[in-house]
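Each remark here refers to the structure printed beneath this line.
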Amino acid sequence: MRDLWTTWYGQLVFLAAISMIILGAKRVAHRVWPHGLRLLDFWPPFLIVFTHFLTLQATDSSLAPYEVLSLMILGIGLTLIEAVERGEILYWRFFKLYWRGAELLTLVVYILALGSHFFFNIVKMSPTKSHLTKLTLGGTFFDILLTIWKSNKTMW
């Protein structure tokens, strides 16, 4: 069960399984299912936890507290914008706008965490430090991948 939450492929399998269950429930209960409720509305809590595990593995520190802080700032900002522009804060309109923004934010942060996880694992696999000097000297990403591939090829 631990691998399901901590590895990237386990996380994607878990999201796919949850999505299939939700889509099945939506199909079965289509008459009572709220019309504005989408599949992505269920993902943000899982994506925050998955971002925590991915960034913890890649950088030895978690990005989840900063993500939650940015969600708080998003909520305050949307509250101020709603109050200034419309003169009133309607709960359902605000909550729907906030939750859609939270979906977008958590999805973007998770994709960035997944990319950084892959990138840092590629750099950690390198047998020598020549890849890190190439990285700091401004080599392109493809140069780094080519150097790592060549060095792994000569290792075998």
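We number each residue from 1, following the sequence as shown.
- Residues Leu54 and Val109 are members of separate hydrophobic clusters, defined by side-chain heavy-atom contacts under 4.5 angstrom among Ile, Leu, Val, Met, Phe, Trp and Tyr.
- Thr106 is not listed as a side-chain neighbour of Thr51, based on a closest heavy-atom distance of 4.5 Å or more.
- The hydrophobic cluster containing Leu107 also contains Phe14, counting ILVMFWY residues as joined when their side-chain heavy atoms lie under 4.5 angstrom apart, directly or transitively.
- To the nearest 0.5 Å, atom CZ of residue Phe50 and atom CG of residue Leu47 are 7.5 Å apart.
- Leu12 is connected to Phe42 through a chain of hydrophobic side-chain contacts under 4.5 Å among Ile, Leu, Val, Met, Phe, Trp and Tyr, so both are in one cluster.
- Counting only heavy atoms from C-beta outward, the side chains of Ser19 and Trp43 approach each other to under 4.5 Å.
- Once rounded to the nearest 0.5 Å, the distance linking OG1 of Thr6 with CG of Leu56 reads 10.0 Å.
- The two atoms that bring Phe46 and Ile18 nearest to each other are CE1-CG2, 4.1 Å, heavy atoms only.
- Leu104 belongs to a hydrophobic cluster whose other members, connected by ILVMFWY side-chain contacts under 4.5 Å either directly or through intermediates, are Val108, Leu112.
- Looking at every heavy atom in both residues, Thr7 comes nearest to Gln57 through N-NE2, 4.5 Å.
- Considering only residues two or more places apart in sequence or on other chains, Arg100 meets the salt bridge (Lys or Arg N to Asp or Glu O under 4.0 Å) condition with Asp41, Glu103.
- When all heavy atoms of Ala58 and Ser116 are compared, the closest pair comes out as CB-O, 4.2 Å.
- Partners of Phe118 according to the ring pair (Phe, Tyr, Trp, His ring centres under 6.0 Å) rule, which considers only residues two or more places apart in sequence or in another chain, are Trp8.
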Distance-only donor-acceptor pairs under 3.5 Å for side chains of residues 23-34, two or more places apart:
{"unit_1": "His30", "atom_1": "ND1", "unit_2": "Arg27", "atom_2": "O", "d": "3.3"}

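- Linking Ile, Leu, Val, Met, Phe, Trp and Tyr residues whenever their side-chain heavy atoms come within less than 4.5 Å leaves Leu63 and Phe53 in two separate clusters.
- Contact record, Leu74 with Ala102: CD2-N, 3.9 Å, taken as the closest heavy-atom pair.
- Taking every heavy atom of both residues into account, Pro45 and Trp99 meet most closely at CD-CZ2, 4.3 Å.
- Counting Ile, Leu, Val, Met, Phe, Trp and Tyr side chains that sit under 4.5 Å apart, directly or through other members, Leu80 shares a hydrophobic cluster with Ile76.
- With sequence neighbours excluded, the residues that form a ring pair (Phe, Tyr, Trp, His ring centres under 6.0 Å) with Tyr91 are Phe95.
- Here the shortest heavy-atom pairing between Ser62 and Thr55 reads CA-OG1, 3.5 Å.
- Tracing side-chain contacts under 4.5 Å through hydrophobic residues (I, L, V, M, F, W, Y), one reaches Phe94 starting from Leu105; they form part of the same cluster.
- To the nearest 0.5 angstrom, Tyr9 atom OH is 10.5 Å from Gln11 atom CD.
- For the atom pair Leu40 CG and Leu15 CG, the distance stands at 9.5 Å (nearest 0.5 Å).
- Of the inter-residue distances, the one linking Leu90 atom CG with Leu97 atom CG reads 12.0 Å to the nearest 0.5 angstrom.
- The line from OH of Tyr98 to CG of Leu71 is 4.5 Å long, rounded to the nearest 0.5 Å.
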